[in-house]
Amino acid sequence: MFDKEMTEKNSVAPGHNACSGCGLVLAARLVLNAAGKDIIVTTATGCLEVTTTNYPHSAWRVPWIHSLFENSSAVASGIEAALKAQGKADKIKVISQGGDGATADIGMMCLSGMFERGHDILYVCYDNEAYMNTGIQRSSLTPFDASTSTTPFGKYSFGNPTNKKDMPAIAAAHHIPYIATASVAYPQDIEKKVKKALQIKGPKYLQLHAPCPLGWGFKTAYSIKIAKLAVQTGLYPLFEMENGVITSRKKLARVLPVEAYLKEQTRFKHLFVSEDGKKELERIQAMANENIKKFGLA
Amino acid sequence: MKKVLEGSKAIAEAVKLCRPQVISAYPITPQTHIVEALSRMVAEGQLKAEFINVESEFSAASVILGACAAGSRAYSTTTSQGLLLMVEVLFNLAGMRLPVVLTCTNRSVSAPINIWNDHQDVMTIRDAGLILLFAEDNQEAYDLHFVAYKVGESKEVSLPVVVNMDGFILTHAYEPIEILTQEQVDEFLPPFQPLKKLDPENPATFGMLADPGWYLETRISMQKAMENSKSVLKQVIGEFRQKFGRLAGDLLETYRMEQAKTAFVAMGSMVGTLKDMVDEERDKGNPVGLVKVRSFRPFPEEELREVLGSAEKILVLEKAFSLGLGGILYHELRSALYGLPLSPQISGYVLGLGGRDIPKKSLSKILEDFNKTTPALNFVDAKENILKEHLYV
C-alpha cells in the first residue's frame with residue numbers, strides 16, 4: 001500500500017493536514033499527478049489551501065500560488081500571460097483550482113472572465129458541495145435538500161431549498177473547447193480527462209466530485225464508495241463536452257435508486273424519517289432520472 | 001527632448017519605456033486615456049506586452065499579481081471605485097511582496113457618485129503596504145514611474161508602488177514633457193529580477209497560511225521594507241536627478257523654505273498653485289514657504305521634522321479627510337511634529353473635494369484668516385446654503 005517511490009513522485013506530498021478520507025486532497029493529487037511537473041498551479045482559499053500550506057510546511061512539489069478566495073482564475077490568467085510574454089507558454093501549463101464556493105459563487109466573475117478571454121488554462125473545480133473550510137455552510141453547488149449549517153433541516157425546512165447551479169452549462173455558454181465532470185471514485189477517468197484537457201489549447205473546465213466525510217456525514221473509509229454511488233444513481237453524471245458537443249458519458253451498467261446514495265449520509269438522513277421525506281426523495285429521484293435521460297447514461 | 005503631451009499619454013509613454021511584459025486594466029474615468037494609449041501601442045507593435053482586458057479592476061489587480069509572481073514586470077492603472085474594488089488584492093500584492101506598479105488617477109469616491117479629482121480614493125489604502133507617491137505635474141508623474149519600478153523591485157523593498165496623479169487636472173492636461181529615450185531608461189532601470197518566482201525548475205509555494213506563531217513577523221518584515229524604501233527612494237531619486245536633472249528633493253520637496261515662518265504642506269497638483277502663491281507672498285516680503293509631500297507611504301516623519309522644525313505656522317492643505325476625525329495628512333503631520341521644541345501652530349484645511357476648483361484667492365484667504373480659524377478641520381469654500389437647504393445636517 002505504502003509505496004515510497006510513488007509517494008515521492010506525488011505532486012501533493014503526504015504530510016498535509018486534511019482530514020482522513022478527504023476526497024478533495026486525493027482528487028487534487030490525482031489531477032496534478034496526471035498533469036506532470038511542467039505546470040504552475042493556482043488555488044483559491046479553502047480547505048485545499050489551508051490543509052497543504054501551513055507555513056513553513058508546504059505539501060506542493062509543483063510551483064503553486066494562493067492569493068485570495070475569488071481570484072484563482074484571474075491570477076492564473078496573469079501567469080499564463082506572463083508565460084506567453086516569456087515565450088514559455090508551450091512548455092508550461094497553467095492549472096487553476098478552487099472549491100465549489102470559490103468556483104460557482106465568489107469566484108464566478110473572475111472565472112467567466114478567464115473563459116471569455118480564452119486563456120490556455122485548465123480550471124478544476126473540486127466539488128464537495130458546501131463551504132467545508134468554514135464549517136459546512138451551503139454553496140450554490142450544494143445539492144437539493146442537503147442539510148448544512150446554513151440550510152439546516154428543521155420544522156420548516158428540508159435543508160437546502162435550491163438545486164445545484166449548472167456550472168458545466170455555464171462554462172459551455174462561454175463556448176470553451178473542453179468541459180468535463182469527473183469523480184474521485186474513478187481515478188483512471190480523472191487521469192484521462194486531465195491529460196486530454198492539457199492537450200487542448202484554450203480554457204478548459206473540469207468539475208470533480210469530491211466527498212467530504214465531515215461535511216456529508218459518513219465514515220472516513222467510505223469516501224470512494226459514496227462518490228461511486230453518486231455516479232451510479234445518476235445524481236452526478238460523468239461526461240465530456242468538446243466544442244459544445246457531448247462526446248463521452250459514463251454509462252451505468254445498473255442504475256441504483258437515489259436512496260442508495262442518500263441514506264449513507266447524515267446530511268440527507270432527515271429525508272428518511274417522515275412521509276413528507278418520501279415526497280422529497282421522489283423529487284430527487286426525478287432529478288436523477290432527468291440526468292440519465294439528458295446525458296443518455298442508462 | 002520636449003514633447004507636448006496629454007498627461008495620460010505621457011504616462012503611457014513612460015510605462016512603455018519601462019518594458020512591462022503584462023498590462024491589465026479595466027476602464028474607468030479619468031484613467032481611460034492611459035489604457036487606450038497603451039493598448040494602441042501593443043496593437044501597433046510599439047510595445048511588446050500582453051495586454052489583458054479584464055471584466056473588473058478586481059481581476060486586473062489579480063492578473064498583474066499572477067504575472068508578477070511568474071516573474072514578469074506588470075502594470076495596471078485605475079482610480080476611485082476601481083481602486084476600492086482592487087483593495088483586497090492590493091493588500092495581497094503587498095503581503096506577497098510583489099513589486100507591481102499602478103497609476104492611480106485620483107478621483108473622489110461614491111456616494112454621491114462624482115468623477116472629479118480628490119485624494120479620497122488612495123487614502124483608503126494607506127495601511128495596505130503599498131508605496132504611495134504623489135505627482136505635482138505631468139513631468140513629475142512621468143518621471144516617478146521609472147523611480148517606482150526601480151524602488152519597488154529593489155530587493156531591500158520588494159513592495160508594490162502606486163503613482164498618484166490628479167484625475168483630469170493632470171491626466172487630461174497638455175503640457176510639454178521632457179521625454180527619455182529607451183536607452184536612457186534601460187540604463188536607469190534594469191530588467192526585473194524577482195527574488196522568487198513561479199517556476200517548475202524550482203518549485204516554490206506562494207501565499208501560504210501563517211498561523212499566530214508566524215503572522216506578526218510577516219507584518220514586521222513589511223514595515224522594515226517600508227523603512228528601507230525611504231533610503232532606496234532617496235538613492236533612486238538622487239540617481240534620477242543626477243542623470244536627468246529633474247525631481248528636486250526626495251521624499252519631500254521644499255520650496256522657498258529658507259527662513260520661512262509660515263509653511264504650507266500639500267500633495268498633488270495644488271502644489272503648483274501654492275508655489276505661485278508662495279512667490280507672491282515672498283515678493284510682498286512675507287516669509288512663506290512650502291513643503292510638498294511626494295512620498296505619503298513611507299511617511300517621511302523625520303524629514304518633515306527637519307524641514308518644518310523652525311516654522312511657526314503650518315497650514316496643511318489636503319483633498320481628503322477621515323470622516324469622524326479630520327484631515328489625514330494633517331493628523332499624521334501633527335503626530336510627526338509632536339514634541340518639537342518650537343511647537344508650531346498647525347491648521348488643517350480640506351479643499352478641492354469632488355473636483356471643486358481651488359482658486360488662488362481661496363488660498364490667499366486661508367493665509368489671511370490663519371489666526372481666526374479653528375486648528376483641526378476647516379472646509380475651504382463650503383457653501384452654507386447647500387448645507388442648510390439640501391442636506392439633513
Side-chain angles (χ1 to χ4, degrees), chain A residues 11 17 36-45 49-89 91-94 96 107 109-117 119 121, chain B residues 19-24 26 48-74 76 85-86 88-93 95-96 98 100 192 194 196-211 213-215 217-218:
Chain A
S11 290
N17 49 29
K37 295 290 184 192
D38 284 329
I39 54 172
I40 294 176
V41 182
T42 73
T43 300
T45 306
E49 162 261 329
V50 166
T51 59
T52 55
T53 64
N54 198 352
Y55 191 85
H57 307 290
S58 170
W60 301 92
R61 291 197 176 114
V62 288
W64 182 97
I65 184 169
H66 155 251
S67 168
L68 300 166
F69 202 170
E70 64 274 48
N71 68 355
S72 176
S73 56
V75 171
S77 301
I79 294 167
E80 184 249 20
L83 291 173
K84 264 191 192 164
Q86 294 165 13
K88 295 179 189 159
K91 204 178 143 266
I92 302 168
K93 298 291 175 197
V94 182
S96 179
M109 177 177 79
C110 291
L111 182 59
S112 173
M114 184 206 104
F115 285 157
E116 173 269 326
R117 292 188 300 268
H119 292 281
I121 296 168
Chain B
R19 299 184 187 273
Q21 286 186 305
V22 177
I23 299 168
S24 185
Y26 184 83
K48 270 188 65 136
E50 295 294 319
F51 189 99
I52 311 294
N53 278 301
V54 280
E55 80 298 330
S56 68
E57 288 89 355
F58 182 84
S59 275
S62 301
V63 164
I64 60 167
L65 184 150
C68 188
S72 282
R73 185 171 284 161
S76 188
L85 190 53
M86 281 186 180
E88 193 190 7
V89 190
L90 297 178
F91 273 81
N92 209 243
L93 278 160
M96 283 210 264
L98 295 170
V100 299
F192 176 35
K196 266 207 172 87
K197 65 172 179 173
L198 293 165
D199 177 13
E201 309 261 306
N202 187 18
T205 299
F206 281 62
M208 300 178 76
L209 167 76
D211 68 20
W214 297 90
Y215 185 83
E217 288 71 17
T218 69

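For B/K48, no part lies under 4.5 angstrom from a heavy atom of chain A. Contact annotation for B/V54: both backbone and side-chain heavy atoms come within less than 4.5 Å of a heavy atom of chain A. Contacts between B/N202 and chain A at a heavy-atom distance below 4.5 Å are absent for every atom of the residue. Of the atoms belonging to B/S24, not a single heavy atom falls under 4.5 Å from chain A. Looking at B/A204, only its backbone comes within 4.5 Å of chain A, counting heavy atoms on both sides. When heavy atoms are compared at a cutoff of 4.5 Å, B/L198 approaches chain A by way of both its backbone and its side chain. At a 4.5 Å heavy-atom cutoff, the contact between A/I40 and chain B is made by side-chain atoms alone. With a threshold of 4.5 angstrom between heavy atoms, B/F51 does not approach chain A through any atom at all. In this structure, chain B has a heavy atom under 4.5 Å from the backbone of A/H57, while its side chain stays farther away.
For the pair A/V62 and B/P203, the tightest heavy-atom approach, listed with the atom from each and the gap, is C-CB, 3.6 Å. In plain terms, the two heavy atoms of A/W64 and B/G207 that are nearest each other are CZ3-O, 4.2 Å.
Comparing A/E80, A/E116, A/E70 by heavy-atom pairs within less than 4.5 Å of chain B, the highest count is held by A/E70. Looking only at heavy-atom pairs under 4.5 Å with chain B, the residue among A/V94, A/I65, A/T42 that has the most is A/I65. When the candidates A/S72, A/A76, A/S67 are compared by the number of heavy-atom contacts under 4.5 Å with chain B, A/S67 comes out ahead. Between chain A and the options B/A210, B/S59, B/A69, B/P200, heavy-atom pairs under 4.5 Å are most frequent for B/P200.
Rounded to the nearest 0.5 Å, atoms CD (B/E50) and CG (A/L83) are 10.0 Å apart. In this structure, CG on A/L68 lies 11.5 Å from CZ on B/F91, to the nearest 0.5 angstrom. Once rounded to the nearest 0.5 Å, the distance linking CE of A/M114 with CD1 of B/I52 reads 12.5 Å. In this structure, CD in A/E49 is found 6.0 Å from CG in B/L209, a value given to the nearest 0.5 Å. The CG atom of B/D199 sits 6.5 Å away from atom CD1 of A/I92, with the distance rounded to the nearest 0.5 Å. The distance from atom CG of A/N54 to atom CH2 of B/W214, rounded to the nearest 0.5 Å, is 10.0 Å.
Within the 4.5 Å cutoff, side-chain heavy atoms of B/S56 are placed close to those of A/M109. Residues A/C110 and B/E55 form a side-chain contact, since some pair of their non-hydrogen atoms from C-beta on lies under 4.5 Å apart.
For the side chain to side chain donor-acceptor pair (under 3.5 Å) condition, the pairs that include at least one residue of residues 60-73 of chain B, sequence neighbours left out, are A/N71-B/S62, A/Q86-B/S72, B/Q21-B/S72, B/R73-B/E153.
Under a cut-off of 6.0 angstrom, the local environment of CD in B/E201 is sparse, with at most 12 non-hydrogen atoms contributed by other residues, nucleotides or ligands.
Residues that satisfy the side-chain hydrogen bond (donor to acceptor under 3.5 Å, both in side chains) test with A/K37, not counting sequence neighbours, are A/S11.
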